[in-house]
Each structure stands twice: as structure tokens, then as C-alpha cells.
Amino acid sequence: MAISVAIVGAGPAGFYTVEALLDRSEEVSIDILERLPTPYGLVRAGVAPDHQSTKQVVRKFEQTALARMVHFYGNVEVGRDVTIDELLAAYDAVVIAAGSPNDRMLGIPGEHLAGVYGSSAFVGWYNGHPDFRDLEPQLSSSVVVVGNGNVALDVARVLVKTREEMAASDIPDYALEDIARADIGAVHVLGRRGPTDTHFAPAEMRELTRLADCAPSVDPADLPPAEGDDDKVLALLRRFAGQPAGERRRRLKFRFFLAPEAIVGETRVEGLRCRRTRVEDGRVVTTDDVVDLPCGMVVTAIGYRASPIPGVPFDDQHGRVQSDDGRIVPGLYAVGWAKRGPTGVIGSNKPDGIQCAEQILGDLDTRAASGDRPGRQALERLLDERHIRFVTLDDWRRIDQEEVTRADQPAPRRKFTSFAEMLAVVGVAHRHRLG
Ligand code: NAP
């Protein structure tokens, strides 16, 4: 009899695990449970809308999802619609692949002022994620993005690109309009360390050299003396330091050695107060030097935390599932950002998936009566009893097709951005979602 596996989360980590299981066993039945009606997790709602080539990885995931042994259950939230204990009773193995959807906080005064957004919320908003489409961010002509990782670069780039530069993206109309209306003049990308300590990818930095109406800039005083051994990112930052803005109206300013101390304002953001820093033996040391950056919006891009799921041990300090290299107990596993924390690119999840598949298959003997659990049958009975209309792979393909059909060229798709819209496409009334 086939072994049954439930994967919680339909993002890259979940799909690489499915792929690895299919590669290793012909006797496996896999169900992917996803809270949203749509699959592909961060590829759909995290990867920037102007990075369509990165999103092509879904073609591979789609092939995986089409395998006879794999079923998709969208619009099902584990922990609310079904519990982990119910899944553990029904399946031979359960894999948590639910990512890290929550923003880390700076933990400074003023963080709750209007006009302050975490990158999970802000990126979700400009990517049409149903949880954030109603964010209504208070965009401003001057924005500070805190963090020196690729997410900070994504946010900054989307804010400074012109309407024409976004034409071939799948950014929702509401976000495109709001950003255009804000007429953003300056985006400050803030690092608490220096130009040699960033997490920027060279390819993301190179894109900034091709912006139509924005000039990247760096204060030359922040750069280390030129010694001819620059890496690609530092070489680009040096180039930005020496470049005149010319005719371009917008500025993307890299501001280094600044640690946020408070977000200031009465009811909404009026500025960010920082301390100048220096880096000693890899540590950030703040100085007495206070620097105020006036701005009307702050986006923090400083990392993410997983959501605790009832029944799954949680490492609160690191904001991720508590596991022994992915194995929580035999039969229950974690992969991807839920396991590792928010590091690495899409492909980094592939080794996780392989390791998890091997753990599952290796542990089978240690779980009683493997292969005898009812799997899918039990899940569908539970969902049926609870009147939960799940979205199947065929349903998703209808939503997908409709999004592509209604797009205006050259946009690849026009996303549906609410549960109600998506479920209407597949002929289901939107169930009232509690809590
Ligand atoms: P990240 O690369 O870990 O960067 C987080 C940044 O936040 C770091 O610069 C960190 O500085 C800073 N930070 C943390 N706490 C801070 C604080 N209290 N005050 C000021 N700064 C603070 O994370 P990410 O940008 O969220 O990206 C997550 C992962 O997704 C990364 O692996 C990234 O490469 C990947 N990603 C890749 C792409 C792409 O390849 N195109 C696009 C998006 C995301 P310190 O160094 O000082 O801690």
C-alpha cells in the first residue's frame, strides 16, 4: 500500500519535498494543503512582480503537481480547518512547509505609527496577496527602507520604477496607481553596517544601473579606501557614488552605518531617528552621533518569523519550527523557511526537500502501521464534515487561466487578490472566515 504524506504549504519548500518523494518512491500518495486558494507561496506573492523570469520555476512545480499521486487542497488552513493531530492520525508523514510569513520587528519606539510597514505586508500588498491587498499604505514622496538584503532592494526598486518599467509585471492595478500617485522622489535604503557587509545579490544591484528615471547614489565617505579587491556589489556601490543623477528625477540613496533608534511622528511617520554606527570585529557599535532622516513612510525589510501552528513545537527565539535538522519527531518534519528561518533563494529549498524525503522514508519503520493510514480519504471526510470547500488543482488551473486571459499585454497575468474573487471563479461562495 502507498505511504501517505501531507505537506502543509504549497510554496517552493513544499514542492521540492514532493518532487524528492516522487523521485524516491513509486508507492507514495501526497496531499498538499494550502491556506490560500492558490499554490506556489513566495514565488507568487514574494518574488517581485517585475522578476517574471524567477517566477518561471512554477512551470516545474506545475509538472510535479500534475503527478497522479499528488492532490492539491487549497483554501484549507491547518490549525483551524484541520489540526496537526488529525493529520498525524491520518497520514504516515506530515511536513510543515508553511514558510515565515510574519515580519520581524525592529523593537523601537514609534514602530506602530501609521506609515510603518513590514516587508511581508508591503511586498504582499504590491504582489496582490489576499491578506494585504487592503493595506492601503500611506505612500510618501520620501521613503526609508530598513535593511540591506535583497528584499530591501526589491521594495526600493518597485517604488522607483516607472509605470512603463512595470508594464510587463503582474503588479495589481491598485498598487501601480498608488505608487505612481505618490510621485516618490527619494528612497533611502538603510544599513546598520557598511557597504562591505550587505546581503545584496550582484544581479539585483546591477538592475539598478538600468533604471529609467532613478539615480542610485552612495555617500563616498561611507566607502572603504579603494584597494582594487572590490567584490561585485562594492564595485557597483562605488560606481553609484561617483555618478551624477543627470536628468533622472528619483533617487535611491544607500545610507550606511545607521541604526534605527526611533520612528518619530505624532500619529504618522514624520522621520526616522538613527544612531551612526561603526563595525568592530563584526559587531555593530552605536556612537553618540544622532542622524534624523525625514520621511513619510518606513518599510522594514529585516527578516521574517514563522507562524506557530498548534501541535508543532516552536522556537520562539528564532521564530521557526523547533526541529532536529528538519525532523520534529518521526512522522512530523519541517522544511524551508519554517525549518531554517528566512535565508536563501528558491533553489536553497531543494536540498531541504531531498533531506526531508529521505528522513520520511528512513523513519517509516519507526512509525507503527505505516502504509495503513487512511490519508486522503480521512482528510476529505473531515473537510466534508466541516463544509470546507477546498480548491483542487483543476480549480487552480481555472483561476490561473482566467488571470492570464484578463491581463493586458505585456502583463503576464492580472491577479485575483481576494479569496472571494478566486472562489467565485471556481463557483464557490466565499465562506465566512473566522479569526
Ligand atoms: P536578509 O538578507 O537576511 O537581510 C536582512 C537585513 O536586515 C540585513 O541587512 C540585516 O542587517 C538587517 N537587519 C536585521 N535586523 C536589523 C535591525 N534591527 N536594524 C537594522 N537592520 C537590521 O533578509 P531579506 O532581505 O529579508 O531576504 C531573505 C532571504 O530571501 C535572503 O536569503 C535573500 O537573499 C532572499 N531573497 C532573494 C532575492 C533574489 O535573489 N532576487 C530576492 C528577495 C529575497 P545585519 O546584517 O546587520 O543583521
Side-chain angles (χ1 to χ4, degrees), residues 11-13 41-57 99-111 116-124 126-127 144-158 169 188-208 232-233 237 254-263 272-286 291 293 298-306 317-320 336-350 352:
L42 276 190
V43 181
R44 179 174 163 100
V47 171
D50 59 336
H51 277 179
Q52 289 297 316
S53 59
T54 309
K55 291 183 190 261
Q56 291 306 315
V57 67
S100 300
N102 307 305
D103 284 303
R104 277 192 58 221
M105 303 290 285
L106 280 170
I108 60 174
E111 205 166 2
V116 184
Y117 308 97
S119 54
S120 179
F122 193 69
V123 170
Y126 68 56
N127 257 325
V144 173
V145 182
V146 180
N148 270 184
N150 289 320
V151 172
L153 285 187
D154 279 346
V155 170
R157 189 184 66 254
V158 168
S169 81
H188 306 260
V189 176
L190 198 86
R192 60 181 173 180
R193 298 170 190 271
T196 57
D197 303 312
T198 72
H199 300 196
F200 302 146
E204 292 246 340
M205 286 291 283
R206 257 193 308 276
E207 278 185 77
L208 304 182
K232 287 177 183 159
V233 168
L237 288 168
F254 289 95
R255 314 286 305 246
F256 294 108
F257 300 112
L258 292 175
E261 189 172 77
I263 299 171
L272 180 66
R273 172 153 297 176
C274 305
R275 286 275 168 168
R276 194 162 290 287
T277 65
R278 55 176 189 273
V279 179
E280 283 176 7
D281 299 329
R283 282 183 316 114
V284 176
V285 179
T286 49
V291 177
L293 294 176
V298 172
V299 181
T300 58
I302 60 167
Y304 304 107
R305 293 171 61 84
Q317 192 194 345
H318 297 101
R320 62 188 181 212
W337 282 11
K339 164 191 160 189
R340 304 192 309 273
T343 58
V345 293
I346 294 166
S348 314
N349 295 299
K350 195 167 182 168
D352 263 14

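When a ligand or atom number is given, it counts from 1 through the structure's own listing order. These numbers come from a predicted model, not from an experiment.
- Counting heavy atoms closer than 4.0 Å to ligand 1, residue Pro342 contributes backbone atoms (N, CA, C, O) but none from C-beta onward.
- Contact annotation for Trp337 and ligand 1: only side-chain heavy atoms (C-beta onward) come within less than 4.0 Å of the ligand.
- For atom 31 (C) of ligand 1, the closest heavy atom belonging to the protein is Gly344 N, 3.9 Å.
- Considering only non-hydrogen protein atoms, atom 9 (O) of ligand 1 sits nearest to Asn148 N, 2.9 Å.
- Within a 6.0 Å radius of CD in Gln317, other residues, nucleotides and ligands contribute 12 heavy atoms or fewer.
- Looking only at protein heavy atoms, the nearest one to atom 41 (N) of ligand 1 is Glu204 OE2, 2.4 Å.
- Taking every heavy atom of Tyr304 and a limit of under 4.0 angstrom, the matching atoms of ligand 1 come to 26 (O).
- From the protein, the heavy atom lying nearest to atom 38 (C) of ligand 1 is Asn150 CB, 3.5 Å.
- For ligand 1, the atoms sitting less than 4.0 Å from at least one non-hydrogen atom of Thr343 are 32 (O), numbered in the order shown with element in parentheses.
- Residue contacts with ligand 1, taken as heavy atom pairs separated by less than 4.0 Å, involve Val345 solely via side-chain atoms from C-beta onward.
- In this structure, the protein non-hydrogen atom closest to atom 17 (C) of ligand 1 is Arg192 NH1, 3.4 Å.
- Of the possible polar contacts, one joining the Glu111 side chain to the Gly107 backbone as a donor-acceptor pair under 3.5 Å is found.
- Taking a distance limit of 4.0 Å, we find that atom 23 (O) of ligand 1 is approached by no protein heavy atom.
- Surrounding NZ of Lys55 are more than 12 heavy atoms belonging to other residues, nucleotides or ligands, all under 6.0 Å away.
- Taking every heavy atom of Ala301 and a limit of under 4.0 angstrom, the matching atoms of ligand 1 come to 5 (C), 6 (C), 7 (O).
- Counting heavy atoms under 4.0 Å from ligand 1, residue Leu106 touches it through the side chain alone.
- Atom 27 (O) of ligand 1 has Val151 CG2, 3.5 Å as its closest protein atom, hydrogens excluded (heavy atom only).
- The proximity of Asp154 to ligand 1, defined as any non-hydrogen pair under 4.0 Å, is limited to the side chain.
- Residue contacts with ligand 1, taken as heavy atom pairs separated by less than 4.0 Å, involve Val146 solely via side-chain atoms from C-beta onward.
- Regarding atom 47 (O) of ligand 1, its nearest protein heavy-atom neighbour is Arg193 NE, 2.6 Å.
- Distance check, rounded to the nearest 0.5 Å: CD of Glu204 to CG of Asn150 gives 4.5 Å.
- Residue Arg104 approaches ligand 1 through these ligand atoms, each under 4.0 Å from one of its heavy atoms: 14 (C), 15 (N).
- In this structure, atom 1 (P) of ligand 1 lies nearest to the protein heavy atom His199 ND1, 3.5 Å.
- Of the possible donor and acceptor atoms, none in the side chain of Arg320 sits under 3.5 Å from a partner among the backbone N and O of Pro342.
- Here the side chain of Asn148 pairs no donor or acceptor atom with the backbone of His199 at under 3.5 angstrom.
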